[in-house]
**Q** 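Here's a structure for you.
All values below were derived from every heavy atom in this structure, side-chain atoms included, with hydrogens, water molecules and symmetry-related copies excluded. Heads up: numbering here begins at 1 and tracks the sequence.
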Amino acid sequence: MRFFKRFHWFEIALIIIVMSVHLYAALSEPHNFSSRWFTRDDAFYYFKVAQNISEGYGSTFDRINPTNGYHPLWMLVCVPIFALARFDLILPLRILLLVMAVLSVSTSILLFRLLKKPVGLPAAMLAASFWAFSLEVHSIVTQQGMETGIVAFSIVLFLFVLQKMESKTTLANRDLLYLGGTAIFVLFSRLDNIYLILLAGIWVIFRRSTIRYLLPMDLVLTFFVIVAAFIQRASLKVYLMAFDNSAIMVAAVTFLIQTVVFYFTGLYTRPSNLTPLRIFIICMVGVTISTALSTALLFGLSTLGINNLPRSIPAFYWSGMLITTLITRFGLHYFSPWSVPLTKGLKPFQGFLSGKNHVLAALEPIRKWISDASVFYGPIAVSLGVYLGLNQLLFGTSMPVSGQIKRWWGSMPNDVYGGAAKSVLDVFGIDPNFSQAWGLALKIIFGWADHLSDQSWTFDGWYWLIIAILIIGFLGLFLLNRKKNLRRVFKLSLIPLFLSAELHVFFYGAMAYAAKHEWYWVMQMLTITILASIGIAMLTDRFPRKKPFTLAFNVFAGLISLYLAYGFSVELINRMPYQNSIAGQPFMDTMPILEGYTEPGALIGMTGGGNAGYFIKDRTIVNMDGLINSYAYFQALKENKGGKYLQGIGLDYIFANRYIITSSMPYRYQFSPEELIAVDEAPLYGQKELMRYLPTK
């Protein structure tokens with residue numbers, strides 16, 4: 001009984017509903033798992049590699065090529081589960097479905113606990129119910145069998161720990177180590193979560209100081225301004241093909257210099273303590289000095305061939321950063337509810353222009369900040385260093401080969417995998433036609449705009465008008481009670497979460513990167529959910545704090561939760577029947593072709609092949625796109641020697657679209673049409689055909 005007392009009744013209801021529905025699904029007919037549940041090829045990359053690791057073949061998809069094309073923590077979870085695949089291919093899938101359900105309900109409960117005090121019970125219930133029962137969230141985060149479930153859980157757990165730390169007056173080293181340990185969990189659940197860890201570290205190390213929120217904002221704005229400067233100078237297409245690496249390097253160097261300059265010119269003083277004239281002066285001085293120093297250094301590096309810096313970039317940076325710095329400082333000056341009156345005995349540091357005593361005051365906290373940073377970031381850096389070192393030792397490359405290949409694809413014009421960002425707005429993740437990252441919210445707005453658009457006004461006009469109205473409405477509600485809402489923002493660590501989520505999107509757009517998928521954007525989905533809960537709380541704040549209203553809100557939240565749970569349960573039960581019309585047939589439609597027209601022991605190349613590699617019998621699937629292949633194969637692809645590499649391992653067949661393999665990037669020049677001989681009588685599967693691979697010498 002003591003154990004159950006630890007749970008709120010709402011949490012117990014979540015556990016019962018989520019686990020019951022998933023247990024029903026886990027015991028359903030075997031063919032459901034390949035045709036109705038685990039439908040993403042990429043999930044089977046994990047499954048097959050995990051099976052091979054458990055059977056002693058090492059980290060390999062095909063038992064020939066070593067690979068590190070996955071996120072490590074989820075692979076560790078999968079290995080013991082898929083050790084059972086040697087007995088039954090479906091049994092591990094049943095168990096994994098339940099593991100994903102546990103992660104889903106655990107994330108929902110943590111989200112409820114994270115939100116309950118800052119936003120109130122009704123908003124917390126709605127957010128947790130949405131995360132547990134939304135079919136869109138479920139299809140991306142839980143159903144696919146990817147790392148997304150553990151990513152969501154690790155991020156919410158990290159936010160929960162941050163909330164605990166926020167309530168403490170001071171943080172001891174053990175608190176920072178505990179937080180850093182949780183951050184390591186976040187990092188290895190998905191490596192691109194490093195943006196959240198970096199900004200959360202700033203948030204923690206500079207707590208009780210305005211630097212904690214001004215510095216992350218400046219970081220994001222610096223990268224935005226400099227990348228925008230490169231794009232306007234070179235055009236998006238040329239930028240992605242020739243300037244993306246230089247732009248990121250220039251932004252990183254500029255930000256480091258800018259941070260020091262801004263600190264010692266007083267730009268990290270609380271703006272509400274400064275006069276408008278002083279804000280304007282120190283913004284001018286800080287940005288100008290930062291521009292001069294960074295330009296001198298970067299032009300020096302450019303002469304050495306280390307980076308490429310067009311001459312117009314410094315001027316663009318100066319004007320863009322001056323405008324954004326003025327906006328952020330004046331915005332905080334006029335809207336901050338917590339101005340601190342200055343006294344003769346207590347004056348905050350206001351820059352070199354304020355005199356000698358203030359400079360000494362600026363140097364005083366630096367030692368403490370360095371100490372805290374080493375305690376928080378130290379274990380993270382060591383863990384990351386060990387991971388990178390092991391990768392280099394075992395696989396010949398420190399980073400996952402899958403990410404390197406997608407960067408390579410992104411640098412190609414018109415590659416078969418969709419290429420890099422399609423527009424300037426897509427670079428920032430807000431293009432209504434191409435961007436996926438904020439789709440959990442923007443899809444709804446897209447639908448509204450599409451419905452309202454007619455001959456009198458365009459879709460774009462309605463789309464941006466609706467977004468503007470929502471933003472203005474949210475900010476209006478926020479400002480009605482700034483102190484309360486800012487406390488919510490701080491308790492939820494919303495500033496580092498939102499900025500790191502946008503930075504995460506931005507880096508995928510600002511660097512040539514192809515084949516981004518919906519499961520990349522878990523952090524953005526959580527950010528939208530938390531923002532929505534704050535919006536609901538701000539609306540309920542407008543009503544009197546009396547029992548009838550409180551009861552009504554709780555009942556309303558409960559009814560909405562039940563409605564979501566009902567729709568969710570019906571859909572999953574219908575999706576996973578116990579009587580299946582395809583029972584007794586192969587688990588994949590391609591199996592009769594791959595097994596019926598090839599001999600046992602054959603090596604078959606496929607451009608994806610994850611699910612085929614898992615289910616095929618007595619044959620081996622070799623991944624040809626390289627995402628779950630070796631670094632050596634990736635190097636061969638870049639040299640247009642992919643075919644020769646596959647010849648070297650004894651590839652017998654290729655099952656693919658002939659046009660893609662012979663005429664489209666990145667496969668063009670890897671194979672000659674005469675090397676691919678159609679297998680007699682083998683039927684086509686869509687546009688794919690089975691071809692004998694007979695390389696010419």
Side-chain angles (χ1 to χ4, degrees), residues 41-42 69 71 190-195 220 222-252 307-310 313 316 397 399-439 442 500-524 607-608 624-629 634-635 637-640 642 660 663-670:
D41 203 43
D42 298 65
H71 297 284
R190 187 174 171 89
L191 295 171
D192 52 10
N193 285 339
I194 194 168
Y195 306 117
V220 173
T222 302
F223 276 87
F224 280 11
V225 167
I226 288 179
V227 167
F230 271 87
I231 293 174
Q232 66 83 31
R233 174 67 178 80
S235 81
L236 179 61
K237 184 176 182 179
V238 174
Y239 163 81
L240 289 170
M241 294 181 66
F243 288 100
D244 59 339
N245 290 328
S246 290
I248 298 303
M249 180 183 175
V250 167
N307 70 290
N308 192 344
L309 182 67
I313 302 302
F316 195 103
T397 180
M399 293 297 291
V401 69
S402 52
Q404 297 181 58
I405 284 177
K406 290 184 177 183
R407 286 274 284 131
W408 178 57
W409 292 347
S411 67
M412 298 176 182
N414 305 317
D415 76 282
V416 72
Y417 294 104
K422 302 297 185 295
S423 68
V424 176
L425 289 179
D426 195 24
V427 171
F428 299 93
I430 55 173
D431 190 300
N433 298 305
F434 303 114
S435 302
Q436 295 178 314
W438 300 102
L442 296 185
S500 58
E502 178 54 31
L503 202 62
H504 174 219
V505 178
F506 169 76
F507 272 110
Y508 276 117
M511 295 186 289
Y513 196 98
K516 299 182 288 290
H517 293 288
E518 69 275 10
W519 62 79
Y520 285 31
W521 315 124
V522 175
M523 192 188 310
Q524 290 72 20
T607 52
M624 289 173 54
D625 56 35
L627 294 179
I628 200 71
N629 209 313
F634 173 42
Q635 298 307 304
L637 285 175
K638 290 197 293 184
E639 297 171 5
N640 291 323
I660 289 176
S663 303
S664 65
M665 299 299 288
Y667 301 104
R668 190 178 181 184
Y669 309 122
Q670 309 286 350

**Q** Using 30° and 60° as the class limits, which term best fits the ring planes of Tyr520 and Tyr508: parallel, tilted or perpendicular?
**A** tilted
**Q** Over all heavy atoms of both residues, which pair between Ala437 and Gln524 is shortest? Give the atoms and the distance, please.
**A** O-CB, 3.3 Å
**Q** So how far is it from Met624 CE to Asn629 CG, rounded to the nearest 0.5 Å?
**A** 10.0 Å
**Q** Quick check: do Ser435 and Leu442 have side-chain heavy atoms less than 4.5 Å from each other?
**A** no
**Q** Can you give me the closest heavy-atom contact between Arg668 and Asn640, atom names plus distance?
**A** O-OD1, 3.9 Å
**Q** Is the shortest heavy-atom distance from the side chain of Asp625 to the side chain of Ile405 under 4.5 Å?
**A** no
**Q** Can a donor-acceptor pair be found, under 3.5 Å and without considering hydrogens, that links the side chain of Asp244 to the backbone of Ala512?
**A** yes
**Q** Roughly how far, to the nearest 0.5 Å, is the CZ atom of Arg407 from the CE atom of Met412?
**A** 12.5 Å
**Q** With no hydrogens and no angle check, is any side-chain donor or acceptor of Lys516 less than 3.5 Å from a backbone partner on Ala514?
**A** no
**Q** Would you confirm whether Glu518, through its side chain, and Gln436, through its main-chain N or O, come within 3.5 Å as a donor-acceptor pair?
**A** no
**Q** Of all heavy-atom pairs between Trp438 and Ala501, which one has the smallest distance, and what is that distance?
**A** CH2-CB, 3.7 Å
**Q** How close do Gly410 and Ala420 get, counting heavy atoms only, and between which atoms?
**A** O-CB, 3.8 Å
**Q** Atom NZ of residue position Lys638 - does it have more than 12 heavy atoms of other residues, nucleotides or ligands inside 6.0 Å?
**A** yes
**Q** Should we say atom CZ of Phe316 is surrounded by more than 12 heavy atoms from elsewhere, each under 6.0 Å from it?
**A** yes
**Q** Can you give me the closest heavy-atom contact between Tyr667 and Ile660, atom names plus distance?
**A** CB-O, 3.5 Å
**Q** For Leu309 and Phe230, which heavy atoms make the closest approach, and how far apart are they?
**A** CD1-CZ, 4.3 Å
**Q** CE/Met523 to CD/Glu502 distance, rounded to the nearest 0.5 angstrom?
**A** 11.5 Å
**Q** I'd like to check the side-chain contact (heavy atoms from CB on, under 4.5 Å) partners of Ala510; sequence neighbours left out, ordered by chain and number.
**A** Val227, Tyr239, Ile248, Val427, Phe506
**Q** Output the distance between atom CG (Leu236) and atom CG (Asp426), rounded to the nearest 0.5 Å.
**A** 8.5 Å
**Q** Report the distance from atom CG of Leu240 to atom CG of Asn245, rounding to the nearest 0.5 Å.
**A** 10.5 Å
**Q** Between CD of Gln404 and OH of Tyr513, what distance do you get to the nearest 0.5 Å?
**A** 10.0 Å
